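Please read these numbers as outputs of a predicted model, since none were measured by experiment.
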Amino acid sequence: MPPPPQAPDGAGTEVVVAGLAREVDVLRRRVDGLEPLTARVDRLDEMAARTADTLKTVIGRKAKPPAPSWLLAPTDPGEVAGLVDELTAWLGAVFLRYPDGASVLPECWLWHPDVVEELLWLMHAWLAAYQGPDASVAAAGDWHDRQRPGVTARIRKAAGSCSIEAHQTRPGWSAPGGAPVPVPGLEHTPAITRWWAQHRDQAPPEPAPNTTSPIGGVLR
């Protein structure tokens, strides 16, 4: 800032005051001119903060592991077998504890890719609700009120009346005595995993005939 004007010899104080007033007016105008820029900087700071929060949210979502898909499962038999092992363990521990779940799951459920797909995502929804980073009472309630009943109803509609015999092409084979609990049809897992891993575009393997009668006797 330039030095204040000096009053000439003999001049009154009015000259000095007038000079200082002019300097103050110039400074005031300069400061007023900076106010819009200050407001823009504040708005940019707010936008940057909101963008950072959005990025954190997106990154957090991407970090969550997706549910595996049976319909798009890998072609390695070991990986497919791993999916079945995890699913059957969960079915026995959770899904089949519910009477409507045990009654609706047919012995031939492994022959129904849509049923396996439904059960896989339902298992991971349960894991997210009970054990994931976002586990909560609300998520568990949604699993009980909406997700599990929805899957159970669709399985009943798609395969509830199906059986191993419906997948057999040879006539005259005896019917099983009923779907066992826990997890029915596990003896077919090796054939199904090999088929789904390597030949899912072909016809599924034909189930082997039953070797026991409904009361446990050997068929002849």
Side-chain angles (χ1 to χ4, degrees), residues 65-128 130 143 147-220:
S69 171
W70 183 253
L71 300 178
L72 298 177
T75 57
D76 178 75
E79 294 187 42
V80 175
L83 289 177
V84 175
D85 289 344
E86 292 178 0
L87 178 58
T88 53
W90 178 80
L91 288 174
V94 178
F95 187 77
L96 294 178
R97 297 279 185 165
Y98 297 87
D100 57 343
S103 65
V104 78
L105 191 65
E107 188 177 6
C108 60
W109 66 277
L110 282 167
W111 269 265
H112 295 267
D114 57 329
V115 171
V116 181
E117 183 83 349
E118 290 267 22
L119 292 171
L120 267 179
W121 83 255
L122 185 65
M123 176 183 71
H124 279 265
W126 182 90
L127 291 171
Y130 279 91
W143 188 88
Q147 295 172 342
R148 192 193 70 84
V151 169
T152 301
R154 288 191 293 273
I155 292 176
R156 179 181 291 109
K157 183 177 180 179
S161 61
C162 196
S163 65
I164 286 292
E165 292 73 41
H167 298 270
Q168 295 171 342
T169 57
R170 299 178 185 178
W173 287 1
S174 299
V181 177
V183 193
L186 291 184
E187 67 272 18
H188 308 292
T189 297
I192 289 294
T193 54
R194 287 193 299 269
W195 162 62
W196 196 252
Q198 298 179 321
H199 307 291
R200 70 185 69 172
D201 293 330
Q202 302 177 16
E206 186 174 304
N210 293 318
T211 58
T212 59
S213 69
I215 59 174
V218 177
L219 294 177
R220 300 186 183 276

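Legend: residues meeting salt bridge (charged side-chain N to carboxylate O under 4.0 Å, His left out) with D100, ordered by chain and number and at least two apart, are R148. Taking the side-chain contact (heavy atoms from CB on, under 4.5 Å) definition, one finds that A67 meets it with H124, sequence neighbours left out. Annotation: side-chain contact (heavy atoms from CB on, under 4.5 Å) contacts of P77 (sequence neighbours excluded): A197, Q198. H167 pairs by the side-chain hydrogen bond (donor to acceptor under 3.5 Å, both in side chains) definition with H112, not counting sequence neighbours.
Sorted by first and then second residue, the side chain to side chain donor-acceptor pair (under 3.5 Å) pairs involving residues 77-87 (not counting sequence neighbours) form an empty list. A salt bridge (Lys or Arg N to Asp or Glu O under 4.0 Å) check over residues 113-124, counting only residues at least two apart or in different chains, returns the pairs E118-R154. Pairs of residues two or more places apart, or lying in two chains, never qualify as side chain to side chain donor-acceptor pair (under 3.5 Å) while including a residue from residues 183-196.
Closest approach of P106 to A159, counting heavy atoms only: CG-O, 3.3 Å. When every heavy atom of W111 is checked against every heavy atom of I164, the shortest pair comes out as CZ3-CD1, 3.9 Å. Residues I155 and V104 approach most closely at CG2-O, 3.8 Å, considering heavy atoms. Contact record, P68 with L120: O-CD1, 4.1 Å, taken as the closest heavy-atom pair. Heavy-atom minimum distance, L119 versus W90: O-CZ3, 4.1 Å.
When atom types are taken as modelled, the side chain of W126 and the backbone of W143 share no donor-acceptor pair closer than 3.5 angstrom.
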